[in-house]
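Some notes on the structure that comes next.
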2 protein chains.
Amino acid sequence: MSLGKDYAGQECSMAGALEVVGERWTLLVVRDALYGVRRYNDFLAHLGIPRAVLASRLQALTAEGILEKRRYQESPPRDEYVITERGIALWPVLRSLGRWKREQYGETQLRYFRHADCGTELGSYGECPACGLVVPVADVLMDPGPGLDPDPADSVGRALLKPRRLLQPIESDPV
Amino acid sequence: MSLGKDYAGQECSMAGALEVVGERWTLLVVRDALYGVRRYNDFLAHLGIPRAVLASRLQALTAEGILEKRRYQESPPRDEYVITERGIALWPVLRSLGRWKREQYGETQLRYFRHADCGTELGSYGECPACGLVVPVADVLMDPGPGLDPDPADSVGRALLKPRRLLQPIESDPV
DNA sequence: GAAGTAAGTTCAATGAACGAACCTTCAATG
DNA sequence: CATTGAAGGTTCGTTCATTGAACTTACTTC
């Protein structure tokens, strides 16, 4: 998106944001990173994204400081991609997108996002209506809803069947 | 985006939202519609979007109930595209995208969005910190900031140099 | 020594975006 | 009455991005 034909001349930070995260798949990679996905193969299996596109998006997100590439073993050399503060700051964008879709199209709840301290479901912009504060992303508890497939094909999908906090790393245990 | 290769099997309303508004240009068309742009030629000039792409996006957004096509004169027949409640509900998404970009990249303010009743600048999710309420989109006052080009090439850009409310139709007066 | 795993790259085919040119329906102008 | 112009498109050839399958590399385990 940022190459060649961009949203040039758009004097607008919304357009600027879309330059960075507006490409196909990009925000879904960020979503998975918020869910705790860190490894190439986990992104691959959970998203169903073409390998080349995933590699390109991970590189772009790393270059933008939204993910951080981190060596987690030396032999053989293996890297994982960890979300940064800048990436975590995208949570309200994803939250509001999800709320918009479910509310406007009357869909059944797939996942609940709750304030871990009190169990209350978050409002539209990630606040806790009971406590009256914007909940830090690390204190958001993600909890399967009635509409969710109880038997996902990939290991990440299965790990996400249990209630868990955002950002908590997913240890991918193969079948 | 929705044709053929979609984000199929993503059990997630965020992915569902990106199916609808995740294509290139789509959210910028919605942004302009929130600014009060309604006519084909105004979108065209202000966005710098290829004509065929604009036509396709307007059609898709109309089909999704985000814009409404409305006849504004009979002879010759002319239609305009007016944002619906469903489209207005996307405001928090655009607001949080814009905030994210400006805050994370330390940019100078291009536009202020204020609570029209009291003049206070909106918070990250469109609330008024002074009044303590989420400001209805029609009560958001948009106000040029220091970073804005004082002499835009297109008539919409010029109309947006004056403070004005969101949703208020832009009457495009050519040069 | 064969098979497996993690993280990629390469490649041909398809699809989407781009920009220029063209089209249609009318109104206003000369 | 012929021409120009405006609004809202469509068509088309070129370029660019995405897709899915196959291949690569560097190890580890059986």
Side-chain angles (χ1 to χ4, degrees), chain A residues 1-9 18-19 22-29 32 37-62 67 69-82 154-156 170-175, chain B residues 1-9 18-19 22-29 32 37-62 67 69-82 154-156 170-175:
Chain A
M1 190 91 86
S2 46
L3 318 160
K5 303 296 148 204
D6 49 15
Y7 297 133
L18 290 169
E19 282 271 333
E23 278 178 311
R24 189 157 160 70
W25 295 110
T26 301
L27 276 176
L28 292 183
V29 173
D32 271 18
V37 177
R38 296 180 164 197
R39 303 221 178 145
Y40 186 91
N41 277 313
D42 287 342
F43 285 110
L44 202 64
H46 190 234
L47 290 170
I49 182 178
R51 306 179 80 91
V53 176
L54 176 59
S56 152
R57 296 296 182 274
L58 289 174
Q59 207 180 3
L61 285 168
T62 303
L67 300 180
K69 193 172 184 170
R70 177 185 297 175
R71 180 69 41 107
Y72 71 89
Q73 75 178 26
E74 285 299 338
S75 164
R78 292 282 181 267
D79 297 313
E80 60 184 5
Y81 296 87
V82 184
D154 65 294
S155 69
V156 172
I170 288 180
E171 66 294 349
S172 61
D173 45 3
V175 195
Chain B
M1 188 92 87
S2 44
L3 318 161
K5 302 295 147 205
D6 49 14
Y7 297 132
L18 290 170
E19 282 272 332
E23 278 177 312
R24 190 156 159 70
W25 294 110
T26 301
L27 276 176
L28 292 183
V29 172
D32 271 18
V37 177
R38 297 180 163 195
R39 304 223 177 142
Y40 186 91
N41 277 314
D42 286 344
F43 284 111
L44 203 62
H46 190 234
L47 289 171
I49 183 177
R51 305 179 81 91
V53 176
L54 176 59
S56 152
R57 295 296 182 274
L58 290 174
Q59 208 180 1
L61 285 169
T62 304
L67 300 180
K69 193 171 183 169
R70 177 184 298 173
R71 180 71 38 109
Y72 70 88
Q73 76 179 26
E74 286 298 338
S75 164
R78 291 283 181 267
D79 298 313
E80 59 184 5
Y81 296 87
V82 184
D154 65 294
S155 69
V156 173
I170 288 180
E171 66 294 348
S172 61
D173 46 1
V175 194

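Below, all heavy atoms of this structure are taken into account, side chains as well, without hydrogens, waters or symmetry copies. What you are looking at is a predicted structure, and each value in this text was computed from that prediction instead of being measured.
Residues satisfying the salt bridge (Lys or Arg N to Asp or Glu O under 4.0 Å) criterion with A:Asp154, sequence neighbours excluded, are absent altogether. The side-chain contact (heavy atoms from CB on, under 4.5 Å) test applied to A:Gln73 returns A:Pro76, A:Arg78, not counting sequence neighbours. For A:Asp79, the side-chain contact (heavy atoms from CB on, under 4.5 Å) partners are A:Lys69, A:Arg71, not counting sequence neighbours.
Using a 4.0 Å heavy-atom distance criterion, A:Val53 is classed as a base contact. Residue B:Tyr72 is classed as a sugar-phosphate contact, given heavy-atom separations below 4.0 Å to backbone atoms only.
For A:Tyr81, a side-chain nitrogen or oxygen approaches OP1 or OP2 of C:dG8 to under 4.0 Å. At least one side-chain nitrogen or oxygen of B:Lys69 sits closer than 4.0 Å to the OP1 or OP2 atom of D:dG9.
Between the OH atom of B:Tyr40 and the P atom of D:dA7 there is a distance of 13 Å, given to the nearest Å. When the P atom of C:dG19 is taken as reference, atom CG of B:Leu44 falls 11 Å away, rounded to whole Å. Atoms CG (B:Leu54) and C1' (D:dA7) sit 13 Å apart, rounded to a whole Å. The CZ atom of A:Arg39 sits 14 Å away from the P atom of C:dT5 (whole-angstrom rounding). Between A:Leu28 atom CG and D:dT18 atom C1' the separation is 15 Å, expressed in whole Å.
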Problem set entry | Worked verdict on A:Phe43 versus A:Ile49 for side-chain contact (heavy atoms from CB on, under 4.5 Å) | CA-CA 8 Å; A:Phe43 285 110; A:Ile49 182 178; 5.5 Å; no
Anything under 3.5 Å between a donor and an acceptor, one on a side chain of residues 51-59 of chain B, the other on a protein residue two or more places apart or in another chain? List them.
from    : atom 1 : to      : atom 2 : distance (Å)
B:Arg57 : NE     : B:Arg24 : O      : 2.8
B:Arg57 : NE     : B:Thr26 : OG1    : 3.3
B:Arg57 : NH2    : B:Arg24 : O      : 3.2

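Seen from the ring of B:Tyr72, B:Arg38 does not count as a face-on cation partner, given the 6.0 Å and 45° thresholds.
In this structure, B:Trp25 and A:Asn41 both approach DNA chain C, and ranking their closest nucleotides by distance from the 5' end singles out A:Asn41. Closest-nucleotide positions on DNA chain D for A:Arg51 and B:Arg51 were compared, and the one nearer the 5' end corresponds to B:Arg51.
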Exercise. Nucleotide by nucleotide, 5' to 3', does protein get under 4.0 Å of the base (B), only the sugar-phosphate (S), or neither (-) in nucleotides 25-30 of chain D, counting heavy atoms?
Worked result: -BSS--
